[in-house]
Amino acid sequence: MSAQPKKLFTVEEYLEMDLAAPYTSEYYNGEIFPMGEIEGDTPEAKAGAMPVHNKISANLMANLASGINRNRYYVLGSRQRLFVPEKIFYTYPGIAVYKAPLVCQDERTLKNPILLVEILSKVTEGYNRGATFEMYQSIPTLVKYLMVDSQRVHV
């Protein structure tokens with residue numbers, strides 16, 4: 001018996017599905033990948049983050065926001081979609097800092113971050129150090145990519 005071929009989606013199909021989905025997902029090369037911290041086989045199982053991840057994220061966002069000029073920069077969390085044009089990659093980074101003015105792909109998607117932060121877990125570490133990092137390197141405005149380990153004190 002042969003395996004069924006993967007269903008590939010257009011960008012338009014992804015954006016429509018992403019708008020209605022109860023979880024976030026990434027889009028690359030026609031494929032849609034549910035995102036999250038919790039191990040499991042369903043998108044719903046991947047929809048949440050562990051409390052330690054959320055605490056680190058909240059603390060980092062608060063510190064970043066208090067240390068910047070809020071008229072010139074935006075600190076946005078994991079619900080803000082990012083488009084990486086060179087790779088045709090849509091994702092939701094853990095934290096992103098954007099310099100004003102915001103450059104939009106569409107009304108819900110930005111594409112000019114200067115700093116991206118991912119909070120690593122045992123589930124996401126390999127991906128964030130590998131494929132995600134590779135994708136992010138193609139963003140012309142990106143100055144820094146910060147990976148914060150949630151399992152030990154390590155940045």
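What's counted below: heavy atoms across the whole structure, side chains too, no hydrogens, waters or symmetry copies. All figures in this text were calculated on a predicted structure; none of them were measured in a lab. Sequential numbering from 1 along the given sequence is applied to the chain's residues.
Legend: residues meeting ring pair (Phe, Tyr, Trp, His ring centres under 6.0 Å) with F133, ordered by chain and number and at least two apart, are Y145. With sequence neighbours excluded, no residue forms a side chain to side chain donor-acceptor pair (under 3.5 Å) with Y73. With sequence neighbours left out, the salt bridge (charged side-chain N to carboxylate O under 4.0 Å, His left out) criterion links E13 to no other residue. Residues meeting the side-chain contact (heavy atoms from CB on, under 4.5 Å) test with I88, sequence neighbours left out: V11, Y27, F83. Residues satisfying the side chain to side chain donor-acceptor pair (under 3.5 Å) criterion with Y136, sequence neighbours excluded, are E118. For R72, the side-chain contact (heavy atoms from CB on, under 4.5 Å) test picks out N69, K99, with sequence neighbours left out.
Separation of atoms CD (Q151) and CE (M50) is listed at 8.5 Å; rounding is to 0.5 Å. Interatomic distance, CG of L15 versus CD of Q105, reported as 8.0 Å (0.5 Å rounding). Atoms CD1 and CG, on I32 and N29 in that order, are 12.5 Å from each other to the nearest 0.5 Å. Atom CD1 of I114 and atom CD1 of I68 lie 8.0 Å apart (nearest 0.5 Å). Note that the NE2 atom of H53 and the CD1 atom of I119 stand 4.0 Å from one another [nearest 0.5 Å]. Between atom OH of residue Y23 and atom OH of residue Y92 there is a gap of 11.0 Å, rounded to the nearest 0.5 Å.
Between T132 and L116 there is no side-chain heavy-atom pair separated by less than 4.5 Å. Side-chain contact between P93 and V117 is absent, with no heavy atoms from C-beta onward closer than 4.5 Å. The shortest distance between side-chain heavy atoms of L76 and L110 falls below 4.5 Å. Contact of the Y90 side chain with the D18 side chain is not registered, since no non-hydrogen atoms from C-beta on lie closer than 4.5 Å. Within the 4.5 Å cutoff, side-chain heavy atoms of L19 are placed close to those of R108. Looking at heavy atoms from C-beta onward, Y74 lies out of side-chain contact with Q80 at the 4.5 angstrom threshold.
Judged by distance alone, with hydrogens and angles left aside, the side-chain atoms of T141 form a donor-acceptor pair with the main-chain N or O of P113 at under 3.5 Å. Checking side-chain atoms of N112 against main-chain N and O of P101 turns up a donor-acceptor pair under 3.5 Å. The closest donor-acceptor contact from the side chain of S150 to the backbone of L120 lies under 3.5 Å. The closest donor-acceptor contact from the side chain of Y14 to the backbone of S25 lies under 3.5 Å. Remark: the backbone N or O of S121 is paired with a side-chain donor or acceptor of T124 at under 3.5 angstrom.
Using a 4.5 Å cut-off between side-chain heavy atoms of Ile, Leu, Val, Met, Phe, Trp and Tyr, with links allowed through other members, F89 and V103 fall into different hydrophobic clusters.
More than 12 non-hydrogen atoms from other residues, nucleotides or ligands lie less than 6.0 angstrom from NZ of K7. Within 6.0 Å of atom CD in E31, more than 12 heavy atoms from other residues, nucleotides or ligands are found, so the atom counts as buried in its surroundings.
Considering every non-hydrogen atom in both V84 and S138, the closest pair reads CG1-OG, 3.2 Å. Across all their heavy atoms, M61 and G77 have their closest contact at CE-N, 3.5 Å. The two residues N59 and N63 come nearest to each other via the heavy atoms O-ND2, 2.8 Å.
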side-chain contact (heavy atoms from CB on, under 4.5 Å) between V97 and K144, worked out
CA-CA 10 Å; V97 177; K144 295 285 181 189; over 6 Å; no

